[in-house]
2 protein chains.
Amino acid sequence: MSSSSQKRGRNPATVGGDLRVALTRISRRLRAERGEADLPEGQFGILTVLHKHGEMSPGSLAEHERVRPPSMTRAVNTLAELGLVEKVEHATDRRQVVVRLTPAGAREVAETRRRRDAWLTKQLSTLTGEEREILAGASELLIRIAAR
Amino acid sequence: MSSSSQKRGRNPATVGGDLRVALTRISRRLRAERGEADLPEGQFGILTVLHKHGEMSPGSLAEHERVRPPSMTRAVNTLAELGLVEKVEHATDRRQVVVRLTPAGAREVAETRRRRDAWLTKQLSTLTGEEREILAGASELLIRIAAR
DNA sequence: CACGTACCGTTAGCCGTGCTAATGATCTAG
DNA sequence: CTAGATCATTAGCACGGCTAACGGTACGTG
């Protein structure tokens with residue numbers, strides 16, 4: 001009862017410490033719940049970005065995903081080998097590369113989304129609406145903080 | 001404006017998707033903010049567990065951190081090489097090993113805690129009390145979910 | 001025009017940290 | 001005493017971050 005009783009005027013450092021613990025715990029749990037057939041988190045993330053925003057250069061992808069270019073190059077190559085994206089040349093700037101979702105990639109996004117999120121969705125279903133609201137709010141805050 | 005306008009009756013799947021994005025973003029950000037001198041997240045986590053709960057077997061540590069035993073063995077060995085923990089033999093069961101924080105390890109916990117959390121604490125300081133409340137609540141929820 | 005500089009992507013190679021499978025040592029039940 | 005359970009470890013794989021260094025391309029300026 002010690003953590004939920006004192007609610008007002010939270011100390012930023014304390015919240016930060018708790019948040020860190022929570023993040024590592026849930027991350028490990030989610031990783032453990034990933035099925036054999038599911039794409040690794042990072043790779044799937046790239047597909048969803050392409051699905052949402054359309055074709056994009058590796059550099060933009062890297063920036064969007066807050067990753068260094070070499071990391072993105074490798075991830076994109078893996079996806080290309082799987083036939084989920086294709087790399088085509090840029091129309092006017094030959095330094096650049098355009099990464100594009102293939103039909104198979106688009107299918108993968110749709111199919112995997114359901115499968116992959118099954119466990120988490122199920123857990124969230126058991127929460128109250130208010131609790132889900134807290135997590136939704138936290139998501140927005142965390143994304144905002146990460147973007148600074 | 002599409003994500004913050006509709007607030008009631010959140011769909012678990014939607015919350016899950018957003019949450020996933022938020023988790024990967026903030027995790028990468030935190031990793032990027034880690035200083036040269038700071039211990040990697042996982043290793044530091046082990047030190048804090050030992051600091052909080054006292055000496056412990058690798059198996060218990062693994063369970064506590066939701067990791068498989070081989071992962072813990074390796075992490076503990078790294079910490080032992082750094083002189084931050086020591087491995088001593090169990091009093092009665094010679095299969096077991098007892099992992100214990102060294103004085104240097106205890107020092108490391110105290111010192112690193114401040115340094116390592118500087119960035120996150122600073123970010124949280126700029127939030128409103130209500131927003132920090134949301135993150136504190138979310139931390140509890142996530143830890144609960146991870147423990148299932 | 002040519003040259004230097006800036007930019008983009010890639011290659012090479014490092015590290016941390018998760019996993020499974022298999023081994024060795026020890027303990028314990030029968 | 002033997003068989004099986006339990007604990008830690010070793011070996012080896014995957015994933016996904018990173019930096020440093022490099023090659024090709026574009027572009028501004030002399």
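Just so it is clear: chains get the letters A, B, ... in the order the sequence lines come, proteins before strands, and each one is counted from 1.
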Send over the distance from [X] [atom1] to [N] [atom2], rounded to a whole Å.
X: A/N77; N: C/dT11; atom1: CG; atom2: P; answer: 7 Å
X: B/L79; N: C/dT17; atom1: CG; atom2: C1'; answer: 13 Å
X: A/R95; N: C/dC7; atom1: CZ; atom2: C1'; answer: 5 Å
X: A/R31; N: C/dC19; atom1: CZ; atom2: C1'; answer: 9 Å
X: B/E89; N: C/dA25; atom1: CD; atom2: C1'; answer: 14 Å
X: B/L47; N: C/dG16; atom1: CG; atom2: P; answer: 14 Å
X: A/R74; N: C/dT10; atom1: CZ; atom2: C1'; answer: 12 Å
X: A/Q96; N: C/dA6; atom1: CD; atom2: P; answer: 18 Å

Could you tell me the boundaries of the chain B footprint on DNA chain D, defined by atoms under 4.0 Å from its heavy atoms? D/dT6 to D/dG17

Quick check on DNA chain D: between A/R94 and A/P40, whose nearest nucleotide comes earlier from the 5' end?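 Whichever sits nearer the 5' end wins; that is A/P40.
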
B/L142 pairs by side chain to side chain contact (heavy atoms under 4.5 Å, CB included) with which of A/D18, A/L135, A/T24, A/V21? A/L135

Given B/T121, B/D38, B/L39, B/L30, the one that forms side chain to side chain contact (heavy atoms under 4.5 Å, CB included) with B/R116: B/D38

What contact category does B/P58 fall into here, base, sugar-phosphate, or nothing, at under 4.0 angstrom with non-hydrogen atoms? sugar-phosphate

Report yes if a side-chain nitrogen or oxygen of B/S71 is closer than 4.0 Å to either non-bridging phosphate oxygen (OP1 or OP2) of C/dC19; otherwise report no. yes

Just N and O in the side chain of A/K87: are any of them under 4.0 Å from OP1 or OP2 of C/dC8?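 So the side chain of A/K87 is outside the cut-off, no N or O lying under 4.0 Å from OP1 or OP2 of C/dC8.
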
Side chain B/S57, main chain B/V98, donor-acceptor under 3.5 Å: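 Not confirmed, B/S57 side chain does not pair with B/V98 backbone.
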
B/T112 side chain vs B/V109 backbone, donor-acceptor pair below 3.5 Å: no

Flag yes if more than 12 heavy atoms outside A/R115 fall under 6.0 Å of its CZ atom; otherwise flag no.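 Correct, the count exceeds 12.
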
Do you know the tightest heavy-atom contact between B/R132 and A/R10? NE-O, 3.3 Å

Starting at CD1 of B/I26, measure out to CD of B/E33 and round the result to the nearest 0.5 Å.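 It comes to 9.5 Å.
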
